[in-house]
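Numbered from 1 within each chain, the chains take letters A, B, ... in sequence-line order.
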Amino acid sequence: MAKHSRRDFLKTSALIGSATLGLSSTAKAAPENVLSEDRMGVLVDTTVCIGCRKCEWACKSAHDLPTASIETYDDRSVFSNVRRPDDKALTVVNEYQSITSDKLPINVKVQCMHCDHPACVSACIVGAFSKKENGSVVWDTDKCIGCRYCMVACPFQIPAFEFEKALKPDIKKCDFCINRTASGKIPACTEICPVEAITYGRREDLIRTAKEKIKNYPHRYINRIFGEYEVGGTSWLYLSSKEFEQLDFPKLGKDPAPGVSEAIQHGIFSYFVPPVALYALLGGIMWINKNKKHNETDTEN
Amino acid sequence: MKTKILLLIITLPLLLIAQNKIDPSHQNQALKCNMCHSCEIPTKEKLCLKPCPRDKMVTIEQTPGESPNVITIDHLRSQTDLYKPVKFSHRVHAEMSGFGSGCKMCHHYNPPGKVIGCSDCHEASRKRTDISKPDLKGAYHQQCMNCHRQWSGKVECESCHALNNSKQASVAVQEKAKQGNIVHPKIAAPEIVKYDTPKANGKIATFNHNDHTKTFGLDCENCHTDQSCNKCHAKNKQASLSSRTVADKHAVCDNCHNVKTNCSMCHSNSVKPGFSHVARTGFDILKNHSKLTCNRCHTTKAKFSGLKADCSLCHGTWTKENFKHAVTGLQLDEIHSDLDCTECHQEKNFAKPTCKNCHEDKVYPKDKPGKMIKK
């Protein structure tokens, strides 16, 4: 990934802005926003996860975030609260008690879902976010201006912001271990998981495997893969024994999240007709008012 | 040229035979090729194996006693390991699996032949192309954790792994297993279980365990199917019992008995006595049929439907010529042995003979038409 500084970005945007002024081309996704057939994903089998939280430790270590020693992660008292990923922990595991107390609790790992049609990419006004060929949704820190639109746009409320940093605060979220995968390794969480509840592989293969599992063990799983169709599909996929909405998964439709916002935004600015029409209307009102005033002064005199 | 052709003629059939030769490990197996192979003629190069047919073909001809006692799992050893290899107490686990579904609880895929372990199928590398089955580390842990966290609730690594920097060779329990002195205590089967139920009419449900195992000859696994360790070792057993629904509680009985209509079979206001054929049906099987198993007469599988109290259903047609009355313990005297069966046995069930046809003042069994003999 080529590094761009903020100055570069301003330069290019000024150039592009002047070049396309008046041409009103429809905003096309940047060339790096590709949806490769071989994009990777992760299948999370919540019926296998034992809630050991080793993935939390591995994630922090891989991203140079401060962390306590691995032994401290055996402490299960953290499960008394439902936690969310933030700028200090890019992934967290939560625990949900089963209705019948003799059944095992259900542990659910939460992190960025790496959408196929990411709302953050669409919402980012400086084009810092992008969907990469390997399925990951990542952002360029140097381009980011800290507007935090991505945080608002995300249907899973994942991107976090380093509010405590006064200088150069950054957006933080799971980056699918882009640096590890670039050097041929697999994401840190998928590598450490002792039970392989999280399987890294081609998204297509993962869906095939998940469907096979549901077919072979109909009593173990509900017949649904979360992320297969949600908001147009996500790279991270989940299997569960219980409806996902009961495990704090958001209730989402099948349409990509940017669909609505992009339609409105692009609609407003398409061919510059609506802004021109708005100014024409305002000008018209002004002109009428001016005429009226003129007439009034005329009659007074 | 001729020799070349000759050579070709000789080698061609040999080649074909070699191709069709069945692998020696497959011989003497009553298996159809298409159980495992998707193509008609599998070759060594192209095995075209179907994905695991799982429990359809699990065959392990080894008793827990013959199995290895302790297995050291060190397939995944690496320099950076935090823990020592696990000394897995295999034999104790194999014995305990008898409470559940046996060897296949762990050996969920084992075609006939040698017993295969996890590492024979599961890849050691996590980064792999075939993700249809977990990698070796995942497979081991899934297998262990599935039970272990159920009854201890613990997921700490150190319950199975000894730390690499510790002096201990393995976890204390594993050391004990190595000496061979860990056994699961025998499970005592109850004779009669009495349940207090909220049912207004019939507060006590009696379950006669003895009847089911001894009289009806059911095996443990006929009712105790796929039992997990959790069944006995649950963390809060009382809570799990109280959370059971009415349907859950009746589910096991429902396999054989109609629990919707037949309440009084188990529910009563007092503890019910054990099964007695004569009390239930009026036909005393202890007299002449005590050595028979239930299914000799009740031939419909699992569901014991009543018979029509008609001896001829099993015994064909009896006449005075082909039936030796002495087998009943009553040797008929000369006069009576000339009579037709129906003279005395007017009812088809042969239960209550009558003397009224000839004798007005005689009653069976006070008066006998012969002498009692030892059977």
Side-chain angles (χ1 to χ4, degrees), chain A residues 38 40-43 45 47-54 69-76 93 95 97-105 107 180-181 184-187 189-213 215-217 219-220, chain B residues 51-56 76 82-83 108 122-123 125-161 163 226 228-245 248:
Chain A
D38 290 329
M40 304 304 273
V42 173
L43 177 64
D45 190 335
T47 69
V48 171
C49 178
I50 57 171
C52 70
R53 296 171 57 222
K54 298 281 184 284
S69 73
I70 193 163
E71 290 84 32
T72 59
Y73 284 77
D74 282 340
D75 174 21
R76 294 181 83 83
V93 180
E95 185 163 276
Q97 289 306 322
S98 190
I99 306 165
T100 45
S101 53
D102 61 327
K103 293 250 172 69
L104 289 164
N107 292 103
R180 284 174 62 92
T181 50
K185 290 185 200 154
I186 65 172
C189 55
T190 62
E191 190 178 78
I192 200 167
C193 181
V195 287
E196 213 193 22
I198 39 180
T199 312
Y200 180 72
R202 275 181 75 229
R203 187 175 183 271
E204 268 181 24
D205 296 342
L206 293 171
I207 288 177
R208 201 181 317 119
T209 305
K211 283 187 175 160
E212 198 71 21
K213 278 187 170 188
K215 201 182 101 194
N216 288 342
Y217 307 102
H219 299 297
R220 183 172 184 150
Chain B
C52 289
R54 296 275 168 181
D55 48 357
K56 268 183 218 153
L76 295 163
L82 198 60
Y83 303 106
H108 51 82
H122 294 274
E123 278 179 69
S125 165
R126 180 148 290 183
K127 195 186 171 193
R128 61 202 190 277
T129 41
D130 177 21
I131 47 151
S132 60
K133 47 182 185 278
D135 76 330
L136 189 55
K137 186 180 176 185
Y140 279 135
H141 282 116
Q142 280 186 27
Q143 212 60 278
C144 302
M145 296 314 294
N146 209 11
C147 296
H148 273 254
R149 70 179 180 131
Q150 268 183 1
W151 70 283
S152 71
K154 285 180 183 170
V155 298
E156 291 92 329
C157 309
E158 279 148 66
S159 25
C160 299
H161 298 270
L163 271 169
D226 240 352
S228 65
C229 314
N230 205 21
K231 173 92 181 178
C232 299
H233 294 282
K235 263 192 298 176
N236 44 357
K237 205 175 162 193
Q238 276 313 314
S240 68
L241 283 176
S242 62
S243 68
R244 298 205 312 164
T245 62
D248 288 341

Choice from A/Gly201, A/Pro194, A/Cys52, A/Ala197 maximising heavy atom contacts with chain B below 4.5 Å: A/Pro194
Close side-chain approach of A/Leu206 to B/Ile131, heavy-atom, < 4.5 Å: yes
Heavy-atom proximity to chain B below 4.5 Å, by part of A/Lys54: side chain
Side chain to side chain contact (heavy atoms under 4.5 Å, CB included) partners of A/Arg220, counting only residues at least two apart: A/Thr47, A/Val48, A/Tyr217
Under 4.5 Å from any heavy atom of chain B - which part of A/Leu43: neither
Partner chain B: residue of A/Val195, A/Asp45, A/Ile70 with the largest heavy-atom pair count (under 4.5 Å): A/Val195
A/Arg76 with A/Glu95: basic N within carboxylate O range, under 4.0 Å: yes
Set of side-chain hydrogen bond (donor to acceptor under 3.5 Å, both in side chains) partners for A/Arg202, sequence neighbours left out: A/Asp38, A/Glu204, A/Asp205
